A.B. asks: 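Questions regarding the structure given below will be posed in turn.
In what follows, every heavy atom counts, from backbone to side chain, and hydrogens, waters and symmetry copies are set aside. Please read all numbers here as calculations on a predicted model, not as lab measurements.
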Amino acid sequence: MNLASRKHMPPYLHTLAHAKAKFFSIRPAASLLLILSSAVLFGCSSTPQQSNTTKLPSISKAGSVLPERSNDQIEALLEAEFTLQREGPSQAFPSFYKLVEKTQDKQLAERLLHIAMASHNNANIETSTDLLIAIDPISEQAYSLKLQMLLQANRTEDALALLTKALDNKVSIHFLPLYIDKNIRNSDLLNTIASTLKKLPDNYHQNLFIKASNARIQFSNGNYQASINITKPLLANKNVPDKEPLYLLQAYSQDQLGNRESAILSLETGLNQFPTSTRLLTPLLEFLVQAGEIENAAKKYQTLPLKQSDHIQAGITFSNLLISTGHPESALSVLEKLPSNKYGLDNQVAYLMATALADTGKKDQAIQEMQNVSGILNSHATTQVALWLYDEGKQDQINKMVLKRTPREQIPEVISAICRLHEEKHHNDLSLALLTDALTAYPHSDALRYRKALLEDSMGNWQNTITELKHLLSKKPQDAQYLNALGYTLLTRSNKINEAMHYITQAYHQDPKDPAIIDSLGWGFFLQGQLTNASFYLKKAWDTLQDAEIGAHYGEVLWQQEKHSQAAFIWTTALRENPNNTLLLETVKRLSPSLLDKTQTHH
């Protein structure tokens, strides 16, 4: 093995577009919406498992949880509070539970629920929700939290009993469809929910939130017509709250059935009711653009009464869509009309502006605009400018640009990416120059120094490779990668076989499972004339990783042992996956050229 080779969908339909791929091949819809989705919170929690930052209500605030209590109860409460502060929610839960059980106090029961959530203990959550429901039989947060826990545990019978109890007590279960939306990609959980709902008696299926939940499950399972059949009467029902997600559900179902015009009409109807909804606007723009109605889409975007911040975000999404579908001029028109206050989105706007300029053939303007991009898009912008400079034949300007605009913390990653670009463009000289300049500015970067060592070797400057690797080993003398690289370089570039094997053996002791190191060890034994040891280690390397260069080495050892058919089999296998590997081709051509002819004829 040579040295170089050793090295937005809205939240209420939480990624519905992505979920479509679970069972079917889906038309490209709403891919941009995934970026724009945000978390939905409902009930008292989106999941029973809460972080350690769960905020617990304080008894010292106005309207305390226990306004009038006996001295014994106050003493018990204070002791429980001290335990909570000193030892945490898990230790405090039993004393709080005993106090709630005795007092039957609703507010204290709600506090107990928060403590249970903070304890990350499902048993605590279940007992605290049961107690709160016993005290307050219509507590939505208790039903919501316990139902989530039961569903996640696949306890369908218990979930069915709890859901039935909630419906019998006239508790609103608006949290259920929202919970489905948030977990739309969790097929196991959705199957549990579907199984639970299926067991409900028919009369419970008249509940609007049960219907809304069933519509989502039908969509998730790819039953789009069934989803539409449930959604339509819900949209026509004046008593149904939160119709915005239903319009999306109906529109995406219609689109999946090939009825894009109906999908567009559904979204337009929804926007008539929710004229400031970017959640409806975004897929509408996408459908209109895909239908070729660019002007209509632009008019919709410009005329809706959106807040300025929403207008800018929608404009970014819209222009990105236009660029990706081959309409850069229209994207420029949208971007140029955005207000000067970008609400912190200046870099996204500049990135898209530059991309659109490049797509219209204005590369010089694009390069200038892209160099205004910073922040999280900085490294992407740098790489894009480098590509455009290559397109313009100005690759000599790349290195200076990279070093000037790359923050210190991004140097190793960005420099490596640009070096790969130089090398792919067959400009190893520019890659070496960039690494040299970067190491002058950042001499402590081991990653860049190791990359430079490998590059020097590939360019024939193996003495420089030795120097760089010894420098790295002076800092990390037990590093298996550095030891192996130095040993293999000496093994293949010099006659210092004993010194090379010293380094390779150390590397093997550090990492005896690395196939590259095992290959080096086997090849070293071969060069020392120890064919049995060489064959043992090279077979071990080949069995671990069927790499072209390991195959070249292993095949050569077998050939020297006069195991010609085995060698031919190894080479043929390696050539099948790596027909252009230089070392493999040279080895086969030198030892068995007829095999190479047969392999090429076969291909």
A.B. asks: Which heavy-atom pair separates L285 from A297 by the least distance, and what is that distance?
C.D. replies: CD2-O, 3.2 Å
A.B. asks: Examine the side chains of Q290 and E286 and answer whether a donor and an acceptor come within less than 3.5 Å of each other.
C.D. replies: yes
A.B. asks: I'd like to know whether NZ of K540 has more than 12 heavy-atom contacts from other residues, nucleotides or ligands below 6.0 angstrom.
C.D. replies: yes
A.B. asks: Hey, is NZ on K363 packed in by over 12 heavy atoms from elsewhere, all under 6.0 Å?
C.D. replies: yes
A.B. asks: If I compare all heavy atoms of K342 with all of P339, which pair ends up nearest, and what's the gap?
C.D. replies: NZ-O, 2.9 Å
A.B. asks: Please determine whether the number of non-hydrogen atoms from other residues, nucleotides or ligands lying under 6.0 Å from atom NZ of K475 exceeds 12.
C.D. replies: yes
A.B. asks: Can any side-chain N or O of R449 pair as donor or acceptor with the backbone N or O of H444 at less than 3.5 Å?
C.D. replies: no
A.B. asks: Quick one, Y343 and Q313 - any side-chain contact, counting heavy atoms below 4.5 Å?
C.D. replies: no
A.B. asks: Is any side-chain heavy atom of S379 closer than 4.5 Å to a side-chain heavy atom of T406?
C.D. replies: no
A.B. asks: Give, for atom OG1 of T544 and atom CD1 of I517, the distance between the pair rounded to the nearest 0.5 Å.
C.D. replies: 12.0 Å
A.B. asks: For Y390, which of H422, K425, H427 qualifies under side chain to side chain donor-acceptor pair (under 3.5 Å)?
C.D. replies: H422
A.B. asks: Would one find more than 12 heavy atoms of other residues, nucleotides or ligands at under 6.0 Å from atom CD of Q530?
C.D. replies: yes
A.B. asks: Hey, does S494 have a side-chain heavy atom less than 4.5 Å from the side chain of W462?
C.D. replies: yes
A.B. asks: Please check if any side-chain donor atom of H380 sits under 3.5 Å from a side-chain acceptor atom of Q384, or the reverse.
C.D. replies: no
A.B. asks: Looking at every heavy atom in both I367 and W388, which two are closest together, and how far apart are they?
C.D. replies: CG1-CB, 3.8 Å
A.B. asks: Which atom pairs, one a donor and one an acceptor, fall under 3.5 Å between side chains of residues 345-356 and the rest of the protein, sequence neighbours left out?
C.D. replies:
| from | atom 1 | to | atom 2 | distance (Å) |
| --- | --- | --- | --- | --- |
| N347 | OD1 | S374 | N | 2.9 |
| N347 | OD1 | S374 | OG | 3.4 |
| N347 | ND2 | S374 | O | 3.3 |
| T355 | OG1 | Y351 | O | 2.8 |

A.B. asks: For N428 and L455, indicate whether the former's side chain and the latter's backbone hold a donor-acceptor pair under 3.5 Å.
C.D. replies: no
A.B. asks: Within the supplied structure, the quantity of interest is the number of heavy atoms (other residues, nucleotides, ligands) at a distance under 6.0 Å from F569 CZ; does it exceed 12?
C.D. replies: no
A.B. asks: Would you confirm whether S319, through its side chain, and I316, through its main-chain N or O, come within 3.5 Å as a donor-acceptor pair?
C.D. replies: yes
A.B. asks: Under 3.5 Å, side chain of S535 to main-chain N/O of L531, donor-acceptor pair present?
C.D. replies: no
A.B. asks: Looking at R279, is its backbone amide N or carbonyl O close enough to the side chain of T282 to form a donor-acceptor pair, meaning the two atoms are under 3.5 Å apart?
C.D. replies: no
A.B. asks: Indicate yes or no for a side-chain donor-acceptor contact from Y301 to the backbone of H311 under 3.5 Å, with no hydrogens or angles considered.
C.D. replies: yes
A.B. asks: Check step by step if side-chain hydrogen bond (donor to acceptor under 3.5 Å, both in side chains) holds for S520 and N484.
C.D. replies: CA-CA 7 Å; S520 297; N484 182 56; 2.8 Å; yes
A.B. asks: Measure across I550 and L538 and return the closest heavy-atom pair with its distance rounded to 0.1 Å.
C.D. replies: CG2-O, 4.2 Å
A.B. asks: If you define the side chain from C-beta out and look only at heavy atoms, does anything of L483 sit under 4.5 Å from I504?
C.D. replies: no
A.B. asks: Provide the closest heavy-atom pair for A386 versus I398 in the form atom of the first, atom of the second, distance.
C.D. replies: O-CD1, 3.5 Å
A.B. asks: Answer whether the closest heavy-atom distance between the side chains of K563 and W559 falls below 4.5 Å.
C.D. replies: no
A.B. asks: Could you check Q566 against Q561 for side chain to side chain contact (heavy atoms under 4.5 Å, CB included), going step by step and ending with a plain yes or no?
C.D. replies: CA-CA 10 Å; Q566 293 182 42; Q561 293 177 310; over 6 Å; no
A.B. asks: Could you walk me through whether T505 and L521 satisfy the side chain to side chain contact (heavy atoms under 4.5 Å, CB included) test, starting with their C-alpha distance in whole Å, then the side-chain angles of each, then the deciding distance to 0.1 Å, before giving a yes or no?
C.D. replies: CA-CA 7 Å; T505 301; L521 188 61; 4.1 Å; yes
A.B. asks: Can you tell me if E413 has over 12 outside heavy atoms packed within less than 6.0 Å of its CD?
C.D. replies: no
A.B. asks: What is the minimum heavy-atom distance between L435 and I415, and which atoms define it?
C.D. replies: CD2-CG2, 3.9 Å
A.B. asks: Hey, are the side chains of T383 and V414 touching, using non-hydrogen atoms and a 4.5 Å cut-off?
C.D. replies: no
A.B. asks: I need the L575 CG to N580 CG distance, nearest 0.5 Å.
C.D. replies: 9.5 Å
A.B. asks: Is N578 reaching over with its side chain to a backbone N or O of N581, donor-acceptor style, under 3.5 angstrom?
C.D. replies: no
A.B. asks: Between side-chain atoms of residues 327-334 and protein atoms elsewhere (two or more places apart, or another chain), which donor-acceptor pairs fall under 3.5 Å?
C.D. replies:
none

A.B. asks: Check step by step if side chain to side chain contact (heavy atoms under 4.5 Å, CB included) holds for D310 and T276.
C.D. replies: CA-CA 9 Å; D310 288 343; T276 62; 5.9 Å; no
A.B. asks: Between K362 and E369, does at least one N-O distance fall below 4.0 Å, as a salt bridge requires?
C.D. replies: no
A.B. asks: Which class fits the ring pair Y537 and F525: parallel under 30°, tilted 30 to 60°, perpendicular over 60°?
C.D. replies: parallel
A.B. asks: How far does CZ of F526 sit from CG of L491, to the nearest 0.5 angstrom?
C.D. replies: 11.0 Å
A.B. asks: With a 4.5 Å heavy-atom cut-off, do L448 and I411 have their side chains touching?
C.D. replies: yes
A.B. asks: For Q481 and D514, run side chain to side chain contact (heavy atoms under 4.5 Å, CB included): C-alpha distance rounded to whole Å, both residues' side-chain angles, the deciding distance at 0.1 Å, then the answer.
C.D. replies: CA-CA 9 Å; Q481 188 179 45; D514 187 328; over 6 Å; no
A.B. asks: Roughly how far, to the nearest 0.5 Å, is CG of D437 from OG1 of T440?
C.D. replies: 6.0 Å
A.B. asks: For a 4.5 angstrom cut-off between non-hydrogen side-chain atoms, does T317 reach T278?
C.D. replies: no
A.B. asks: To the nearest 0.5 Å, what is the distance between OG (S431) and CZ (R451)?
C.D. replies: 5.5 Å
A.B. asks: Between R405 (side chain) and Q371 (backbone), is there a donor-acceptor pair under 3.5 Å?
C.D. replies: yes
A.B. asks: Cation over ring, K476 on Y482, under 6.0 Å and within 45°?
C.D. replies: no
A.B. asks: Ion pair present between E424 and R420, side-chain N to carboxylate O less than 4.0 angstrom?
C.D. replies: no
A.B. asks: Please check this pair: side chain of T465 against backbone of A453, looking for a donor-acceptor N/O pair closer than 3.5 Å.
C.D. replies: yes
A.B. asks: Check whether S592 reaches the backbone of V588 with its side chain - one donor and one acceptor, N or O, closer than 3.5 Å.
C.D. replies: no
A.B. asks: Can you measure from CG (D429) to CD (E423) and round to the nearest 0.5 angstrom?
C.D. replies: 10.5 Å
A.B. asks: Do other residues, nucleotides or ligands put more than 12 heavy atoms under 6.0 Å from the CD atom of E409?
C.D. replies: yes
